[in-house]
Structure formats: structure tokens, C-alpha cells
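Data first, discussion second: the structure below is written as C-alpha cells.
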Amino acid sequence: RAKADGRNALRCFAPEMNETARERLELEGWLRRALELGEFELHYQPQVTRSGTPVAVEALVRWRHPSLGLVPPAKFIPAAEESGLIVAIGEWVLAEACRQAAAWYRLGQPIRVAVNVSALQFSRPDFFQTVEQALSGAGLDPSLLEVELTESLVMHDPGESARQMEQLRALGVRVAVDDFGTGYSSLSYLHRLPIDVLKIDRSFVAELEAPRGTQALVQAIVALARALDLMVVAEGVETDAQLAFLNELGCDLVQGYLFARPMPTREVSAFLTMHGTSSTEISL
Ligand code: C2E
Ligand code: MG
Ligand code: MG
Ligand code: MG
């Protein structure tokens, strides 16, 4: 029975489907229970330097469904956002990511953790407290946490975003703009926003080898980041050719299947043991 229920629920996770109100309620119930039952887990994908040293890992949430297996975020984040459950899920993600980063630190593998934050979560008046609590609860140095906000979230209300980013940075937390290039950044805002990192969306990285001017675009983003004194991370790096382009363009960090897929904790620990961590990149 659980299996059949799961199938039905999963059917309406597909964002392109027109869910009925009843289906949405059902799904919301499944997500709520998943949270209570501890069925969410975090996988982590390394961000590495030119020389291949990991300096950060991005936390990516998955739902370990008892009969359906590992459900990717694209299948449930949109529903979680619509129902508001993303706030509770996001709170768990922050706390768990901080706990894990603190554990790696204590094991002598200091690595920064990057956490995705959704618009609804970020807009909550208590978001800053949630971050503070996650850090203090884990005993994690704030400089080992990076918050990823999408470009569209940031540009939706640049003034308010800037105010909240400033608060986070005062604490020592780093701020990254995710999926950069896919939204509509106003350059006049961008230079005033308290940002540390630009993450080039993987759609651009995927097109680097195509003769379509994408190289010039990525080059422009890297130049922009340089001018604003920001770090640039390219996501979705899959091939040596893409890596060569990105290195030539001066991209600081790369993340993608070429180095590692998002991995469960144990595999990440092994990866860090094998490749080391760069403590010089991390200011404590
Ligand atoms: P994102 O933050 O842009 O994360 C990068 C996505 O690209 C991840 O997908 C990652 O697995 C995938 N990726 C990384 N390298 C490669 C590559 O070389 N090739 C390809 N084809 N893909 C690559 P994932 O884990 O499925 O997550 C998808 C999106 O779900 C994330 O995009 C993020 O927007 C959202 N998400 C994930 N975890 C969380 C979370 O804890 N909270 C919130 N609010 N959103 C999350
Ligand atoms: Mg991200
Ligand atoms: Mg991204
Ligand atoms: Mg993306």
C-alpha cells in the first residue's frame, strides 16, 4: 500500500503536471511525514581549485523514500516551496549541513559547506536567527558556511536582499549568487550587493564547446567578477575541454561530474582524505 501511495504522490511531483488540489495536499502530507521520519538526507558535491584541491562542498538535499528510493530535489522542491514546507526542510538542511561541516572540521578536514536557500526561506523574518542557531548548534565557525541564493531571488528585491546579506556577512557567513546568468541582474545593483561568490550556471558551461559565443559570455562574467572582487565558481563541469576553457578564462573554482558527483557523507570523507583540503583558502 505504501508503495502505491508513493507512486501516486510521486506522479504529481512532476512540476509540469497539473495537480489537483487533492493531489497537492496528499504530496504535502508525504513531505511533512518524510521530514518527521527523517527521510531527507544531504549529499555533497566538492568545489575544487585549479590544482584539484577541494575547498568547499555544496549540500544537495535528497529524499530517501522507503519504496521509491532516492528522490532528486527537482521532484519535490517545487511542491515544498508551494506548500511552505520548504521553510522547515530548509531549516533541517542548514542545521544538518552545519553539523556535518563541524564534524569534518573536528576530523581535521576543514571544508566550507554551501547551502541552497529558497526564496520563501530567505524572506522569513527569522531566517537570520535560523542561520545563527544552525551555526551555534553545530559549533561551526561562520566562515565555513556559504549561503547560495539564486540570482532571481536576489534581484526580486535587491534592497531587502542586500540588507539580509549584510547581516549574514557581518556574522562571517559567505554569500553566493547561484545560477548566475539565467536571471536578470541589473549591473547597477550587482556592484552594490554584498556578495562573495558568483556561480556560473551550468547551462553556460554546457555550451562552452559550442560555437555560439558562450565563451565570450563566460569570459564577461569572469571579468565582471574580477572587477567586483568576487570569486567565480563554474558548476556542471563535465569535460576536460570545458575545464581547459574555464581555467584559461580564470575561473577560481569548478564543480561538476568531471571531479565528483554529489556523494553521501562517507564518500565525501574519503574524497577529502584522498585529495586533501585547502586550509589556506579558508580563513578561520
Ligand atoms: P543547484 O543549486 O544549481 O545545484 C546544482 C545541480 O547541478 C545539482 O542538482 C547537481 O547535482 C547538478 N550537477 C552538478 N554537477 C553537474 C554536472 O557536471 N552535470 C550535470 N548535468 N549536473 C550537475 P540537484 O542535486 O539535482 O539539485 C537541483 C537543484 O535543487 C539545485 O540546483 C537547487 O536549486 C535545488 N536544491 C538542492 N538542494 C536544495 C536544498 O537543500 N534547498 C533548496 N532550497 N534547494 C535545493
Ligand atoms: Mg546551488
Ligand atoms: Mg546552481
Ligand atoms: Mg543550476
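Every number for a ligand or one of its atoms is a count from 1 in the order of the listing. We use all heavy atoms of the structure for the numbers below, so side chains are in, but hydrogens, waters and symmetry mates are not.
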task = Give a yes-or-no answer on whether the side chains of S269 and Q109 include a donor-acceptor pair shorter than 3.5 Å.
result = no

request  = Say whether Q45 and Q255, considering side chains only, have a donor N or O and an acceptor N or O under 3.5 Å apart.
outcome  = yes

Which of these, [options], has its nearest heavy atom closest to [atom]?
| atom | options | value |
| --- | --- | --- |
| atom 24 (P) of ligand 1 | P72, A234, P73 | P73 |
| atom 38 (N) of ligand 1 | V115, L94, V61 | V61 |
| atom 5 (C) of ligand 1 | E238, Q242, E235 | E235 |

task = Anything protein N/O/S under 2.8 Å from the Mg ion (ligand 2)? Just list residue and atom, please.
result = E58 OE2, N116 OD1, E148 OE1, D178 OD2

ask   = Should R202 be counted as touching ligand 1, given the test is an N or O pair under 3.5 Å?
value = yes

Output yes when [X] and [Y] qualify as a salt bridge under the 4.0 Å nitrogen-oxygen rule, no when they do not.
| X | Y | answer |
| --- | --- | --- |
| E160 | R163 | yes |
| R112 | E146 | yes |
| E28 | R32 | yes |
| D179 | R202 | no |

ask   = Can you name the one residue among I86, T130, V131 that meets side chain to side chain contact (heavy atoms under 4.5 Å, CB included) with E91?
value = T130

Atoms of ligand 1 less than 4.0 Å from [X] heavy atoms?
| X | value |
| --- | --- |
| G256 | 15 (N), 18 (O) |
| D179 | 3 (O) |
| D178 | 1 (P), 2 (O), 3 (O) |
| P262 | 11 (O) |

note = Closest non-hydrogen contact found for V113 with A59 is CG2-CB, 4.2 Å

Which segment of [X] sits under 4.0 Å of ligand 1 when only heavy atoms are counted:
| X | result |
| --- | --- |
| I89 | neither |
| V93 | side chain |
| Q45 | side chain |
| E58 | side chain |
| K199 | neither |
| L42 | neither |

query = How about C98 and L145: do any of their side-chain heavy atoms sit closer than 4.5 Å?
reply = yes

All pairs passing side-chain hydrogen bond (donor to acceptor under 3.5 Å, both in side chains) where residues 213-231 contributes a residue, at least two apart = E207-T214, R226-D252

key: Full working for salt bridge (Lys or Arg N to Asp or Glu O under 4.0 Å) between K199 and E235   = CA-CA 7 Å; K199 289 192 80 177; E235 61 180 14; 3.6 Å; yes

Check whether any heavy atom of [X] sits under 4.0 Å from an atom of ligand 1.
| X | value |
| --- | --- |
| R261 | no |
| A74 | no |
| H43 | no |

note = The single option from F76, F40, W30 that satisfies ring-ring contact (aromatic ring centres under 6.0 Å, His included) with H65 is W30

query = Is the backbone of E58 close enough, under 3.5 Å, to the side chain of Q47 for a donor and an acceptor to pair up by distance?
reply = no

task = Please say whether the positively charged group of R261, taken as NZ for Lys or CZ for Arg, lies over the ring of Y257, i.e. under 6.0 angstrom from the six-membered ring centre and within 45 degrees of the axis.
result = yes

